[in-house]
There are 2 protein chains.
Amino acid sequence: MAVEPSTPEPSTPGTVRPGGRTARVRAAVLRAAEDALVEHGFSGLDLGDIAQRAEVGRTTVYRRWGSTTALVADLLADMAEQSLPRTDSGSLAGDLRANARLVQRTLADPRQGALFRAVIVAATCDPDAAEALRHFYRRRVEEWAPCVTAAVERGELPPDTDGSEVVRAVSAPLYYRMLTTAEPLDEASADRAAEAAEAAARAGAYRRRDA
Amino acid sequence: MAVEPSTPEPSTPGTVRPGGRTARVRAAVLRAAEDALVEHGFSGLDLGDIAQRAEVGRTTVYRRWGSTTALVADLLADMAEQSLPRTDSGSLAGDLRANARLVQRTLADPRQGALFRAVIVAATCDPDAAEALRHFYRRRVEEWAPCVTAAVERGELPPDTDGSEVVRAVSAPLYYRMLTTAEPLDEASADRAAEAAEAAARAGAYRRRDA
DNA sequence: CCCTTAATGGGACTCCCGTTCCGTTAGGAT
DNA sequence: ATCCTAACGGAACGGGAGTCCCATTAAGGG
């Protein structure tokens with residue numbers, strides 16, 4: 001029988017020699033992808049256009065990522081690395097408001113807001129991008145949940161309150177507002193989201209249910 | 001100067017003779033679009049494929065709608081027409097829970113859930129689809145807001161509570177959960193959303209701020 | 001029932017996205 | 001410094017989405 005000399009696991013490009021040029025190409029392409037997403041949204045994403053912006057060969061982009069969703073998934077992985085440390089105000093109300101305003105400012109910012117809408121779209125179109133998006137939000141929630149735990153320990157909230165659930169409750173109305181209404185995301189809506197989450201938490205709405 | 005005999009406002013097809021065949025074509029195409037959205041999502045939407053499913057000429061679909069986003073916008077307008085009447089349980093908690101469970105069942109349903117994700121994506125890709133989506137949710141919220149107003153009149157909630165805001169607060173965590181986590185949307189999450197919204201409303205988080 | 005023309009449908013054409021082929025460049029190990 | 005080959009980049013190719021043209025069908029008014 002003939003030995004197969006070809007294709008000894010081509011694997012994915014960029015994994016064997018991840019340094020030097022490969023890393024530069026990845027950085028340039030991810031930055032270009034971000035720009036393109038902000039300008040045209042996910043549906044208008046064109047890998048050829050991204051290659052030009054990044055001053056990289058079209059073939060390279062198609063070979064390394066292959067699809068717009070895979071590229072966005074990689075971008076999300078990159079975004080998840082650079083999570084801002086949360087500020088700590090000392091009080092639950094202050095912490096939740098700080099979180100709400102951070103989310104609000106992010107979504108209201110022309111560049112960041114467009115980017116987030118785009119990655120959400122990508123996640124709804126592809127399982128891998130969806131997993132990357134979930135990972136991103138898991139990180140974000142984990143970053144902020146401790147401020148709720150601290151409030152529980154201070155006795156401000158019921159003992160078995162689910163911190164992650166409270167943090168998610170702060171973001172949810174802001175995302176929902178962005179997606180389903182035309183009203184601008186202002187500070188008032190952020191403060192309202194924080195206030196509502198705190199009130200519900202105090203009332204015990206986010207206590208852990210027996211699984 | 002020569003008179004222009006051509007193109008005396010071609011206008012949009014389907015507006016001059018909306019009956020008979022035109023209506024049948026629209027219905028068939030919208031149903032086909034719904035099926036296609038459920039199967040492949042918005043990003044996989046192909047007008048040629050829809051034409052085949054609807055047993056309609058490709059040219060017709062391209063001429064009448066022109067783009068996938070415009071087609072989805074029309075589908076959303078159609079969906080907004082058929083809004084279910086809300087049930088009235090008599091108590092605020094019961095009404096909010098009924099609403100939450102309706103949303104939860106809709107989003108958890110394989111067909112309806114996929115459809116909603118798809119139209120949200122379309123709305124994030126195109127201004128007209130976005131306006132159609134906003135109109136859809138405006139109708140939905142208006143349908144349910146009265147149960148909050150009734151609770152206010154019964155003295156269950158602060159007098160200047162914004163009913164629409166409470167209704168949106170019920171839906172928000174369910175949509176947020178669907179988009180950013182992999183956890184299934186179960187009845188427990190629906191009940192928690194309703195409970196949280198009620199607690200926040202009682203605490204006055206949704207009182208109208210001076211604009 | 002007949003006439004006008006709005007609306008549809010098939011087929012050919014164009015353009016651009018994604019792929020393939022192969023020569024060139026530069027990591028990284030020795 | 002030298003070699004091996006992973007990774008890149010240019011160019012040509014193929015296929016499918018969207019457009020155009022014109023013949024055919026059937027609303028809807030008289």
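In what follows, every chain begins at residue 1, and chains take the letters A, B, ... in the order their sequences are listed.
- Remark: P of dG27(C) and CZ of Arg26(A) are 17 Å apart, rounded to the nearest angstrom.
- Atom P of nucleotide dC17(C) and atom CG of Asp46(B) are separated by 16 Å, given to the nearest angstrom.
- Checking dG11(C), dA6(D), dC21(C) against every side-chain atom of Thr59(A), the shortest atom distance belongs to dC21(C).
- When rounded to the nearest whole Å, the span between CD of Glu55(A) and C1' of dG10(D) equals 16 Å.
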Does Phe136(A) form a ring-ring contact (aromatic ring centres under 6.0 Å, His included) with Phe116(A)? I'd like the steps, not just the answer. CA-CA 11 Å; Phe136(A) 175 83; Phe116(A) 271 77; 5.8 Å; yes
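- The separation between Ile50(A) atom CD1 and dC17(C) atom C1' is 13 Å, rounded to whole Å.
- Side-chain contact between Leu107(B) and Gln112(B): absent, with no pair of heavy atoms (C-beta onward) separated by less than 4.5 Å.
- For dA7(D), the OP1/OP2 oxygens have no side-chain nitrogen or oxygen of Thr22(A) closer than 4.0 Å.
- Leu115(B) is not listed as a side-chain neighbour of Arg111(B), based on a closest heavy-atom distance of 4.5 Å or more.
- When rounded to the nearest whole Å, the span between CZ of Arg63(B) and C1' of dT8(C) equals 6 Å.
- Annotation: of the two residues near DNA chain D, Thr60(A) and Gly66(B), the 5′-most nearest-nucleotide partner is Thr60(A).
- Panel note: side chain Thr181(A), backbone Arg177(A); a donor-acceptor pair is recorded below 3.5 Å.
- Per the geometry, CD belonging to Gln52(B) stands 10 Å off P belonging to dG10(C), to the nearest Å.
- Using a 30° and 60° split on the angle between ring planes, Tyr176(B) and Tyr175(A) fall in the tilted class, from 30° to 60°.
- Within the 4.0 Å cut-off from OP1 or OP2 of dG18(C), at least one side-chain nitrogen or oxygen of Tyr62(A) is found.
- Using a 4.0 Å cut-off, some side-chain N or O of Arg64(B) falls inside it from OP1 or OP2 of dT8(C).
- If you measure from atom CZ of Arg21(B) to atom C1' of dA26(D), you get 5 Å, rounded to the nearest angstrom.
- Nearest nucleotide to the side chain of Arg24(A), out of dG18(C), dG27(C), dA17(D): dG27(C).
- Residues passing the salt bridge (charged side-chain N to carboxylate O under 4.0 Å, His left out) test with Asp109(A): none are found, sequence neighbours excluded.
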Provide a list of protein-nucleic acid N or O atom pairs under 3.5 angstrom, restricted to nucleotides 12-15 of chain C.
from: dA12(C); atom 1: N6; to: Arg58(B); atom 2: NH2; distance (Å): 3.4

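- Between Val166(B) and Leu96(B), some side-chain heavy-atom pair lies under the 4.5 Å cut-off.
- In this structure, CH2 of Trp65(B) is placed 12 Å from P of dA7(C), rounded to the nearest angstrom.
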